[in-house]
2 protein chains.
Amino acid sequence: MYREQRKEETETAGHGFMPGLAVDAVIFGFHDQQLKVLLMQYKKTGIFALPGGFIREKENLNDAAERVVSERTALKDIYLEQFYAFGDYDRYDPKPLKTIMTANGVIPEDDHWLLQRFISVSYYALVDFTKVVPMPDRIFDGCAWYDLANIPELMQDHSLIIRKALTALRADLDNKLVAFNLMPEEFTMSELQTLYETILGKNLLRPAFQRKLLSLGILERVAKKWTGGAHKAPYLYRFISENN
Amino acid sequence: MYREQRKEETETAGHGFMPGLAVDAVIFGFHDQQLKVLLMQYKKTGIFALPGGFIREKENLNDAAERVVSERTALKDIYLEQFYAFGDYDRYDPKPLKTIMTANGVIPEDDHWLLQRFISVSYYALVDFTKVVPMPDRIFDGCAWYDLANIPELMQDHSLIIRKALTALRADLDNKLVAFNLMPEEFTMSELQTLYETILGKNLLRPAFQRKLLSLGILERVAKKWTGGAHKAPYLYRFISENN
DNA sequence: TTATTATTGTAACATATTGTTACAATAATA
DNA sequence: TATTATTGTAACAATATGTTACAATAATAA
């Protein structure tokens, strides 16, 4: 929700943005064997929300989503999937926004454009956790990773949006082979398996997993990784995209 | 695009609708071994378009989609899947709408609300062809079925929307078992197979198809159907939903 | 009545995929 | 040099899917 806009943009209807339309992003990362989601926290009020934004008047919808994610992660070339447009009339509760605005010294009128109904076109993004620099801004105190298993209470229907994002991610896991976007360039087979297990929420058998992924022909074995552990060193793998 | 609205609604910005937002529906039917799509044809100009509409100020997005499909098919309890929000800036070409408005005696100003940019949240609907009564209205001459294999040139990006709808339908075919919504209550196994083959665009082997579908435990064998053909009579089947 | 014909329902087998157990090959440490 | 934990993969089992084959009709023709 609202950020990066100059004062007159928060005050006047839209001002260069499409009215009634927002983009929200569920940005997934993977670290310490945990799926993480990047969340924003509003100044003073402490209310949590998904990173989001609005669509500029001449901006493609998908570009708006990419911009929103770029602004919060300092990344470019982001893997994004649009998964649902949330449009129930009562999804938009003006109370938290009123609280936030009041706490920040703006006394909003009831017909303020930010208090109107919004439809949110939602995307999930898959990013390399190690490359992200979480970026707060003037409006948000916080921009930080939270374990998916331990998400704080969120504004409006943002918890539902995260749940639906996870469902979409699970469905895309086999079809679109999206998991590699959550890994660093090189990774071991067991790291990859842990990621799959975390996303799917269930354990997988190691030999079957390894056989399956190698048979896809999309992994290149790079080198060995000496972990320092008292055991055989695992191979490192790299994802081979079609254009390489 | 625009329909059912009283004159002032076409003239003033939105008037009870959310601005900049539309809902479009790819309504699939199945008849004569062909997948069909319900298309609208504008009066006088002959321009083809998908059935669509706008979202009322206090209406749920999904309800708007259901209303749009109901208005064109005279059905209720429609199987709907939201599959994508189309939001490229240049998807909205004002020319065909200008042509249509001019042909219908409205001289539009350049900032007329209908000529502005729209984002289309698109749904596909699966309906029983035999139960549909195609409903034109004051704005549209035509509301009729067209073979998916033989769609006329459509307004704006509506051809792309149909292509994406078919992709989504194919993906949902196995996961969500949606095909039954395109069939009458009772059907033979070969009719069902033909539907699957038409949607997937490839032939399936009969014994494997029958074995697979029976093993799902979602079909109830009802009676035999004497086709009048010189061969064994096939069984009729009915889909068993969970709540029956 | 009795072949003939086209299609249906399903068994039977072949092949491919996935689930499971087992074990040799390490890399560090004791 | 033994011990330990983990890796890579072979080998077998169980399922699922692909394919061939054939008996069981329901109409028509002989």
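Within every chain, numbering begins at 1; the chains are lettered A, B, ... in the order of the sequence lines, protein sequences first and strands thereafter.
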In residues 221-231 of chain A, what residues come within less than 4.0 Å of DNA chain D, judged by heavy atoms? A:Arg221, A:Ala230, A:His231

Would you list the pairs meeting side-chain hydrogen bond (donor to acceptor under 3.5 Å, both in side chains) in which at least one residue belongs to residues 202-219 of chain B, sequence neighbours left out? none

May I ask you to list the residues of residues 209-216 of chain B, by number, that have any heavy atom positioned under 4.0 Å from an atom of DNA chain D? B:Arg211, B:Lys212

Lys/Arg N to Asp/Glu carboxylate O, B:Glu81 vs B:Lys176, below 4.0 Å: yes

Using ring centroids (six-membered ring only for Trp), state whether A:Phe28 and A:Phe30 fall under 6.0 Å. no

Answer yes or no: is there a donor N or O on one side and an acceptor on the other, between the side chain of B:Ser122 and the main chain of B:Ala85, under 3.5 Å? no

Proximity of B:Phe140 and B:Tyr42 rings by center, below 6.0 Å: yes

Is the closest side-chain donor-acceptor distance between A:Tyr89 and B:Asp63 under 3.5 Å? no

Backbone N or O of A:Leu204 within a donor-acceptor pair of the A:Gln193 side chain at under 3.5 Å? yes

Given the options B:Val127, B:Asp128, B:Leu126, B:Asn181 meets side-chain contact (heavy atoms from CB on, under 4.5 Å) only with B:Leu126

A:Glu220, CD: over 12 other non-hydrogen atoms inside 6.0 angstrom: yes

Do A:Phe209 and A:Leu192 have side chains that get closer than 4.5 Å, going by heavy atoms? yes

Sub-4.0 Å heavy-atom contacts from residues 198-208 of chain A onto DNA chain D, ordered by number: A:Arg206, A:Pro207

Matching residue for B:Phe187 among B:Leu219, B:Leu236, B:Val222, B:Leu195 - test: side-chain contact (heavy atoms from CB on, under 4.5 Å): B:Leu219

Nearest-0.5 Å distance that lies between atom CG in A:Leu182 and atom CD in A:Glu191: 13.0 Å

If you round to the nearest 0.5 Å, how far is OH of B:Tyr92 from CG of B:Asp157? 10.5 Å

Has the side chain of B:Gln41 got a donor or acceptor atom that lies under 3.5 Å from a matching backbone atom of B:Asp141? no

Identify the stems formed by DNA chain C, where each pair is Watson-Crick or G-U wobble with both distances under 3.5 angstrom and a stem is at least 3 consecutive pairs. C:1-30 with D:1-30

Terminal contacting nucleotides, 5' and 3', DNA chain D versus chain A (heavy atom, 4.0 Å): D:dT4 to D:dA11

Looking across every strand, which nucleic acid part, if any, lies under 4.0 Å from B:Thr188 by heavy atom: base, sugar-phosphate, or nothing? nothing

For A:Tyr237, is there any backbone N or O sitting under 3.5 Å from a side-chain donor or acceptor partner on A:Arg221? no

